[in-house]
Amino acid sequence: MSKTYYPVIGLEIHAELSTVSKMFCGCKNDPDEEKQNTNICPICMGHPGTLPVPNKKAIENVIKVGLALGSNIANFTEFDRKNYFYPDIPKGYQISQYKYPIVTSGALNGFAITRIHLEEDTGLSKHDRGDFTLVDYNRAGVPLMEMVTEPVIHSAKDAANFARELQLLLRTLGVSNANMEKGEMRVEPNISISDDPNKFGTKVEVKNLNSFKSVEKAIEYELSRMQALYEAGRQDEIVQETRGWDENKQTTFSQRSKENANDYRYFPDPDIPKFMLNEMFDMNDLKSSLPELPWQKRDRYKKDLGLGEESEVFVQDFELSKYFETVVRNLVSTDQIKTASNYIVSDMLGILKKDTSAKMPSPENFSILINMISDGEITSRGAKDILSIMMKEDQDPKTLAEKEGLLQQNDEESLKKIVEKIISEQTSLVEQYRSGKESVIQALVGVMMKETKGSANPQIALKIFKEELSK
Ligand code: ADP
Ligand code: ZN
Ligand code: MG
């Protein structure tokens, strides 16, 4: 009989803050600098006698994240030295925070956050150049926030979605580019399983994950590895350790057993003053300066604009939502808004994907097109044709519809002439209809739509066919 296992996941997520300068010196913070060891100075290289000067903007950015998450913002905060010896850390210690992080508590996607603190990034070691390691210190001293969650996540999917939502928040707040492929955001899941819901199992921590997909895959892999050990009665082989992720093999592997906090000999950095954040920042000001947050936008799109699940496309894409909202200003009804959103999400994005030279039409022209649809001046078939022309060359859809003969024909007299012509030509369909197979009338309407390049109003056409055929 198979037992139930309880997976537990807690995340540690680092994100480089996109400030102008580094955390404790005036060096440029430029993740795109390609020339190694150019943005460095005696401070971030750890030369003796230099003094760090904290970057106020970086502290402000962490506070903003905390305010967005409904967290507690500390009044008293300080920086600590985390001591360890590694070539990418030139001082022999990393400036971080230990006892007094800037942010505690709060939640994201319903998952409780333990803390968010600020530290400095390390240099970047390159091991792929031969029998030696090279270090690029451009990254050393770049402000890095670290968020730690409570062990309250229970599935790989939830963990990956948490990280996605955090990325979106950081981008919305403008505090980090949070690109995982570039290492600007690094997600380290802590994972355990237990056969007792009231007891935690031994956890491992997985590193080197550079996409949301690998976060999910690595957690799934770890959970099934652990479960297999449990099922074989070998759960004591699960040891607390750091594991790496092998992207090619899609497996984790043991890297090293975990050090304890006391190995780091944390102590307050005597070179950096303590902070009283309430004296440095006006928290109410900061709070009211926050932009619309992803979950607020999600709500507004559903409640105020009446959109469904497709609103997520806009929530995830700031530029697209800006476009959409400009269009919405020229619309009056929720039906129109829904039509506009459908055309953007399915048609426009579809065309952009297929044709790299296609461009979004101006919001003005696009809203004229939506108005033409709701006024019945054009059929949806015709609208799609016009949209694809507008995405090659942006122009007024009314003129375009006239030129292409796509204006919907509502005029019964002229439609009747075409109906008569079709009835005289489609003798077999007409015969079937008259002998009782009434459904072929749809085929006749289809012929009509083809003949008029989709411009005939199909409801009116259907009505005329019925009238003419009953004569
Ligand atoms: P450590 O002292 O080993 O760094 P922490 O208590 O600081 O451990 O927790 C680090 C991360 O691990 C946090 O995100 C926390 O939620 C998570 N965590 C703690 N215990 C477990 C566990 N048994 N299973 C999964 N995650 C855990
Ligand atoms: Zn520097
Ligand atoms: Mg810890």
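Read the numbers this way: they start at 1 and go in the same order the structure lists the ligands and their atoms. Starting from 1, each residue takes its place in the sequence as its number. Because only heavy atoms are used, hydrogens play no part in the values below, and waters and symmetry mates are left out as well, while side chains stay in.
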Ignoring waters, how many N, O or S atoms from the protein are under 2.8 Å from the Zn ion (ligand 2)?
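For the Zn ion (ligand 2), the figure is 4.
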Under 3.5 Å, is there a donor-acceptor pair between the Thr242 and Glu205 side chains?
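Note: Thr242 and Glu205 side chains miss the donor-acceptor criterion.
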Return yes if a side-chain donor-acceptor contact under 3.5 Å exists between Glu12 and Asn190, otherwise no.
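On atom types as modelled, these side chains qualify, holding a pair under 3.5 Å.
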Given the ring of Tyr6, does Lys199 sit roughly above its face, with NZ or CZ under 6.0 Å from the centre of the six-membered ring and within 45° of the axis?
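Judged by the rule, Lys199 and Tyr6 form no cation-pi pair.
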Over-ring placement of Lys126 relative to Phe132, 6.0 Å and 45° cut-offs:
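No, a cation-pi geometry is absent between Lys126 and Phe132.
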For ligand 1, is any non-hydrogen atom under 4.0 Å from Val148's backbone (N, CA, C, O), its side chain (CB onward), both, or neither?
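It is the side chain that touches ligand 1; the backbone stays farther off.
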With heavy atoms of [X] as the reference, note each atom of ligand 1 found under 4.0 Å away.
X: Phe200; result: 23 (N)
X: Gly201; result: 23 (N)
X: Leu11; result: 14 (O)
X: Glu150; result: 16 (O)

Under a heavy-atom criterion of less than 4.0 Å, does Glu205 contact ligand 1?
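The answer is no: ligand 1 sits nowhere under 4.0 Å from a heavy atom of Glu205.
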Below 4.0 Å from ligand 1: does a non-hydrogen atom of Pro189 turn up there or not?
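Not so, Pro189 does not reach ligand 1.
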Please determine if [X] and [Y] form a salt bridge, counting it only when a charged side-chain N lies under 4.0 Å from a carboxylate O.
X: Glu33; Y: Lys28; answer: no
X: Asp299; Y: Lys303; answer: yes
X: Lys392; Y: Asp355; answer: no

Out of Thr149, Thr242, Ile191, whose heavy atom is nearest to atom 13 (C) of ligand 1?
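Considering heavy atoms of Thr149, Thr242, Ile191, the nearest to atom 13 (C) of ligand 1 sits in Thr149.
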Is the Tyr266 ring parallel, tilted or perpendicular to the Tyr98 ring (thresholds 30°, 60°)?
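Ring orientation of Tyr266 relative to Tyr98: parallel.
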Value rounded to 0.5 Å, distance of CG in Asp30 from OG1 in Thr38
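It comes to 8.0 Å.
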